Amino acid sequence: MSHLVKSAEKAVAVTADLAWRVYEKINSINTRPSFTPKWSEKPLLKSYQKVKPPLGWPRTTDSLCPKCIPDIRNKIINGELPVEILRNEKVGEIKAQVIERDGKILMVKDCPVHGHFEDVMSIDPAFFKHLEESFPGRDIRAHSDKKLHNHGSSTITHGRGSVLTIDLTNRCNMMCDPCFMDANQVGFVHELTWDDIKTMLDNAISIKPRRQMSVQFSGGEPTLSPYFLDAVRYCKKVGYNSVQAATNGIEFAQSAEYCRQAGEAGLRYAYLQFDGIGNEANSHRAVGNLFDVKLKAIENLHANGVDIVPVTTIVNGINNEQVGRIIEFALDNPKKISFLSFQPVSFTGRDEEVTDERRTAQRYTLSHLAHDVKSQVGMGEPIRDWFPISFMSTFSDFADLLHGPQADWGQLSCGCHPNCGIGMAMMIDKETKEAKPLTQFINADRLAKDIQKINDAGRGKWANVLGVALALLRNYEPFESPTHFRITDLMKKFDKTFGATGKNYGSVGKDRTLTDVEKRRADRWNFLFIAGMWFQDLFNYDFRRTEQCIIPYATQEGEISFCAYNTGVGWRNIVEKMHMTATLTKWYEEKGRHKIYAGGKEVDMDSKRHSLILNEEAVSAERQHDLDAMGIAKNSREEKIRARDAKMKEAAFDAKMEQLYRKEILKEPEAPKGGFVSLDALVSGKKDNGLHGIAPAPAAVKTESDLVGTQGD
């Protein structure tokens, strides 16, 4: 029966291909100009109007010196340099080249003071080329934004597209390695007031294009802020339809009631720190039962209408073997997990002073991710199934056209640089758990080109809907799709995502209720999106990426690119010090200390019960030992301990050499075992007879004047 259905669908696809040819010719006649929507003061862009940064290789770009920048940043923080220098001068900037060498893509650069630096950008040049060639171009240039976008070379110039990030506090209830913000370690508290939060949210919706419908509250741990729930509610009030929390999940695991309050306030997503399957896989975070915390948080949040996005910081040699296990966890639990975010480590915050040896060993790129998914899960052809996240902006352009000039907000558009992020979509049958990459049965390249033609023609709503329907059908290969997947499922999925027909699949707007959530979850098909977001650090920094950032930070000094804030110039350190709430000492005196889970301490929970399906072999597996075998430090703390031990050994060796020098060359008397010699013996060269006054042996004494000076000290 299934074969007959697939055969019939194949006939429909062939017919749609023929119909598309007719439609395409008619559609190309007398195309219409773009309209200017309510959410922008500039017209929608045609595909051929979109500009692109220099791509391909070899190419030259603007970067930063990894040694100059920390020094400049510290001088600004200490008041030796004005912060305006970052707005008016190109401090610490150097040129960098993107090249291919030995089958890898590298960034190489030279500082006239600090010399040569290089780092890996991709281990697969063909994959790197595919991503850059699939980039559709930049979004509408940002406008009405002068008061918020004024950060010199780090200024965001194109679009704002995806998620506005707001750090509610720099306090955290964990002490992680890695940590890009160095939480709990900077000696002061930076925590937003209620007025700060409202001002940032109000300012954000003044910038055009207004397509940034999502806000993510972060930290530190955002749930430590007393204004977290109020902030979520206020987002809904001013029109944001998607509110997220970047969280370690502790508060949500400890209290189902808190999850209920968050869901009712309007929290839609929890971006949940999730480094692997099992407590051992999370042991580098130094919380004894951290995986149990994650499972309980997922259980509590999902039950209260909040969707979960496991977010994994991938460090080569630490947890890269967890990539497949995490994806298999999502495949086993398709009713609860519909998005995964892998974030290759960025050497910043606590890791900014990483040694070259550790950086080389731990570096993980987007190309590593694509290949690990294929090798560990057996799914996903890197060039066929992975695309830059910005590839989706063509489909966002279609939604903007469809929603018309009166829409209050533009469609979410991930128009970032192709080196910033990648994604692969999986279609999963929630009943049978059969899963296949979407691009295995959809010709994504050709579909995007077809939709570009529809967008460029600028027809009315139903002509565009007809065109997209034909484009979807002609690019659909039914025999490659999941067994029970049908053409009608394909059309519904597209409609549900982009709102083509206006049918109610459950609201995702600010009026969203738990009933809407359940209605959307009733869909048999889970569209699992696996994303990779690679944030920059000083070793691979590229200003062409910074200027089209889609996830800026709202701060007291305006909206700043994610990478410019956390890495690069490091605006975070500067802004937080400029607007410091209190020193830690004063904060603790007035507010008391919050609980911190570290050193293997376990989080207190009422229960560990959950309904998630686990692979017990993965849960019980040992942590990864690659770096142990290589003799390489795993984190900055271990690196500092090794450096300290090395200095102590060096000092002990120097002392031994000095002792031999005195004994063999200078023929000085040896100190007794107690470590003392008499003053007379030091001067005369004779051993003490035990009757004279004694004193500790100075480091090096050769004359009476030296001796007097030493005694005086």
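This is a predicted model, so every value here is computed, not measured.
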* **Heavy-atom closest contact (Arg59 atom, Gly56 atom, distance)** => NH1-O, 2.7 Å
* Asked: Between Asp450 and Arg474, is the closest basic N to carboxylate O distance under 4.0 Å?
  -> yes
* Could you walk me through whether Tyr476 and Ser481 pass the side chain to side chain donor-acceptor pair (under 3.5 Å) check? -> CA-CA 9 Å; Tyr476 173 57; Ser481 67; 3.1 Å; yes
* Gln49: side-chain hydrogen bond (donor to acceptor under 3.5 Å, both in side chains) partners, not counting sequence neighbours -> none
* Can you tell which of Arg545, Lys95, Lys109 makes a salt bridge (charged side-chain N to carboxylate O under 4.0 Å, His left out) with Asp62? -> Lys95
* To do: Using only heavy-atom distances, determine whether the side chains of Asn419 and Gln536 contain a donor-acceptor pair under 3.5 Å.
  => no
* **Audit row: Thr513, Asp516, side chain to side chain donor-acceptor pair (under 3.5 Å) steps and yes/no** => CA-CA 5 Å; Thr513 66; Asp516 291 312; 3.1 Å; yes
* To do: Apply the ring-ring contact (aromatic ring centres under 6.0 Å, His included) test between Phe535 and each candidate in Tyr541, Tyr364, Phe562; give the one that qualifies.
  => Phe562
* Answer yes or no on whether Arg210 is positioned over the face of Trp409, meaning its NZ or CZ is under 6.0 Å from the six-membered ring centre and within 45° of the axis. => yes
* Asked: At their closest point, which heavy atom of Gly324 faces which heavy atom of Val377, and how far apart are they?
  -> CA-CG2, 3.5 Å
* Asked: Would you call the rings of Trp525 and Phe485 parallel, tilted or perpendicular if under 30° counts as parallel and over 60° as perpendicular?
  -> perpendicular
* **Donor-acceptor side-chain pairing of Thr483 and Glu434 below 3.5 angstrom** => yes
* Asked: Judged by modelled atom types alone, do Tyr505 and Asp495 share a side-chain donor-acceptor pair under 3.5 Å?
  -> yes
* **Within 6.0 angstrom of Lys335 NZ, more than 12 heavy atoms from elsewhere** => no
* **Phe127 and His130 aromatic ring geometry - parallel, tilted or perpendicular at 30°/60° bounds** => tilted
* Heavy-atom closest pair, residues Pro382 and Lys374 -> CD-CD, 4.0 Å
* To do: In plain terms, say whether Asp307 and Arg268 are close enough for a salt bridge, that is, a side-chain N and a carboxylate O under 4.0 Å apart.
  => no
* Does Lys453 pair with Glu24 as a salt bridge, N-O distance under 4.0 Å? -> yes
* Does the pair Lys493/Asp523 count as a salt bridge with the N-to-O cut at 4.0 Å? -> yes
* Go through the structure and list residues passing side chain to side chain contact (heavy atoms under 4.5 Å, CB included) with Thr394, not counting sequence neighbours. => Pro136, Ile451, Gln452, Asn455
* May I ask you to decide whether Arg211 forms a salt bridge with Asp139, counting only side-chain N to carboxylate O separations under 4.0 Å? => yes
* Neighbour count above 12 (heavy atom, 6.0 Å) for Lys461 NZ -> yes
* In terms of the angle between their ring planes, are Phe398 and Phe494 parallel, tilted or perpendicular, with boundaries placed at 30° and 60°? -> tilted
* Between Glu547 and Arg544, is there a side-chain N and carboxylate O pair less than 4.0 Å apart? -> yes
* To do: Describe, in one word, how the ring planes of Phe339 and Tyr271 are oriented to each other, choosing from parallel (under 30°), tilted (30 to 60°) and perpendicular (over 60°).
  => tilted
* To do: Check Arg101 against Val108 and note the closest heavy-atom contact, atom names and distance.
  => NH2-CG1, 3.9 Å
* Asked: Is it true that Tyr553 and Trp571 have ring centroids separated by less than 6.0 Å?
  -> no
* Check the side chains of Thr36 and Glu41 for a donor-acceptor pair under 3.5 angstrom, ignoring hydrogens and angles. => no
* Lys433 NZ: over 12 foreign heavy atoms closer than 6.0 Å -> yes
